[in-house]
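What follows is a set of notes on a single structure, which appears directly below.
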Protein chains: 2
Amino acid sequence: MEKDATEEQPVEAQEADLGGLVRSAVGRLYRRFRSERPEGSLGDAALAVLTRLHKHGPQTLTELSEHDRVSPASMSQIVNRLTSAGYAVRTRDPEDGRKVLFSTTAEGDELAGAARAQRNAWLDDRLRALSAEDRAAIARATALFSSIADS
Amino acid sequence: MEKDATEEQPVEAQEADLGGLVRSAVGRLYRRFRSERPEGSLGDAALAVLTRLHKHGPQTLTELSEHDRVSPASMSQIVNRLTSAGYAVRTRDPEDGRKVLFSTTAEGDELAGAARAQRNAWLDDRLRALSAEDRAAIARATALFSSIADS
DNA sequence: TATTGTTATACTCTATAACTATA
DNA sequence: TATAGTTATAGAGTATAACAATA
């Protein structure tokens, strides 16, 4: 049985400034994602919101802004880009007139599917090239990152 | 079908849109990092460059722009913010007059240390709260992310 | 008054295009 | 000509402050 990857390097070296390594790697990977933007398409923040509406259905501005940890004012501008482009629409909540529900249009649903496949193609290629163990480590770390982002 | 370590968990479940999960988690964690910016300090891109200069010594514009995968023009503006604020200085390369070496000032070195500790404190807290296995998965994934970002 | 959302304004980050200076 | 770097301009993304509408 092969030794676990953690034993191939001194633990101290791995964990020395693990936070700094995580921050650096996440930042560079995020910028790499962003650089894959197809010409003329939505930016990464707008596309992330569109994808969320596509997957999870109509949501209020507050729900969207809390999920992405941006201010309500910032999210308002992001959804403005979506509605201006015809990918989403506003609906007043009939039970609470202060709330606005955002939903995808047919064009928005179509774009959400197409854009994701196009933008993630290079990432999927690289993940496929990894070992099953590497993918398992990434899956585990991804879940942890997501919960850390929520904390 | 081959036998391997992934038999412990269903491969299909692990790999179902792993790319999408990675993109989403990285994006949200990146925004979480960014939201921790202390008042009046540098932005995340500028601080990342300052940290790099602090750790690795003087570098040219091209080296910096390739490491962060941004255009030379973008990096030029980032270092402009650093030099304007007095955290870095320009030096002509004596051996090749076209090149410019950027280095930290004393103020830059001081800020690099203080800002990192301040900005990563909450992340370090969360990493410490994890199991050693979780941290190992994160360390492994972080190295993979870094190499994917370079590819 | 409290909550929900918007608009106004400004800053960071990034890109492309056009430019200067050096090799 | 080729390489290294800068400046001009534009757009996405974000924040705070000030505002309006509804509960």
Side-chain angles (χ1 to χ4, degrees), chain A residues 26-28 30-50 52 58-85 87-102 115 119, chain B residues 27-28 30-50 58-85 87-102 115 119:
Chain A
V26 166
R28 295 206 303 134
Y30 175 79
R31 282 190 283 269
R32 186 73 164 83
F33 285 157
R34 196 165 43 188
S35 74
E36 294 294 323
R37 180 195 316 188
E39 182 55 37
S41 117
L42 294 167
D44 62 288
L47 187 53
V49 171
L50 181 65
R52 181 160 178 81
Q59 319 215 359
T60 67
L61 186 81
T62 298
E63 288 168 343
L64 292 172
S65 77
E66 287 179 349
H67 180 262
D68 279 353
R69 291 206 157 246
V70 298
S71 70
S74 298
M75 185 53 69
S76 188
Q77 295 166 80
I78 291 172
V79 292
N80 271 345
R81 286 194 285 276
L82 290 178
T83 56
S84 300
Y87 298 130
V89 290
R90 282 178 164 79
T91 314
R92 284 331 275 214
D93 184 327
E95 301 185 349
D96 185 341
R98 295 171 302 180
K99 295 185 179 177
V100 178
L101 286 167
F102 294 90
R119 296 178 69 168
Chain B
R28 294 207 304 136
Y30 175 80
R31 282 189 283 270
R32 186 71 163 85
F33 284 157
R34 196 166 43 189
S35 75
E36 294 295 321
R37 180 194 314 190
E39 180 54 38
S41 119
L42 294 167
D44 63 286
L47 188 52
V49 171
L50 182 64
Q59 319 215 0
T60 66
L61 186 81
T62 298
E63 287 168 344
L64 292 172
S65 76
E66 287 178 348
H67 180 263
D68 280 353
R69 288 208 157 246
V70 298
S71 69
S74 297
M75 185 52 70
S76 188
Q77 294 166 81
I78 292 171
V79 292
N80 270 346
R81 286 193 287 275
L82 291 178
T83 57
S84 299
Y87 297 132
V89 291
R90 283 179 164 81
T91 314
R92 281 336 270 217
D93 184 325
E95 299 185 350
D96 185 340
R98 295 170 303 181
K99 295 185 179 176
V100 179
L101 286 167
F102 294 90
R119 296 178 68 169

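Just so we're on the same page: letters track the sequence lines, and every chain starts at 1.
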Taking the side chain as every heavy atom from C-beta outward, state whether [X] and [Y] have any pair of such atoms under 4.5 Å apart.
| X | Y | result |
| --- | --- | --- |
| B:Thr62 | B:Lys99 | no |
| B:Arg69 | A:Arg32 | yes |
| A:Arg92 | A:Val100 | yes |
| B:Leu50 | B:Leu82 | yes |

Starting at the 5' end of DNA chain D and moving along, which residue's nearest nucleotide shows up first, A:Gly97 or A:Ile78?
A:Ile78
Nearest-Å distance, [atom1] ([X]) to [atom2] ([N])?
| X | N | atom1 | atom2 | value |
| --- | --- | --- | --- | --- |
| B:Leu47 | C:dT12 | CG | P | 13 Å |
| A:Asp68 | D:dT14 | CG | P | 8 Å |
| B:Leu42 | D:dT14 | CG | P | 19 Å |
| B:Asp44 | D:dA12 | CG | P | 19 Å |
| B:Glu95 | C:dT22 | CD | P | 17 Å |
| A:Arg28 | C:dC13 | CZ | C1' | 17 Å |

Between [X] and [N], is there a contact of a side-chain N or O with OP1 or OP2 at under 4.0 Å?
| X | N | value |
| --- | --- | --- |
| A:Ser71 | D:dT14 | no |
| A:Arg34 | C:dT14 | yes |
| A:Arg31 | C:dC13 | no |

How does protein contact run along nucleotides 3-10 of chain C, one letter per nucleotide 5' to 3', with B for base contact, S for sugar-phosphate only, - for none, heavy atoms under 4.0 Å?
BSSBBBB-
If we ignore hydrogens and angles and just use 3.5 Å, is the side chain of B:Arg28 paired with the main-chain N or O of A:His67 as donor and acceptor?
yes
For the side chain of A:Ser84 and the backbone of A:Arg81, is there at least one donor-acceptor N/O pair under 3.5 Å apart?
no
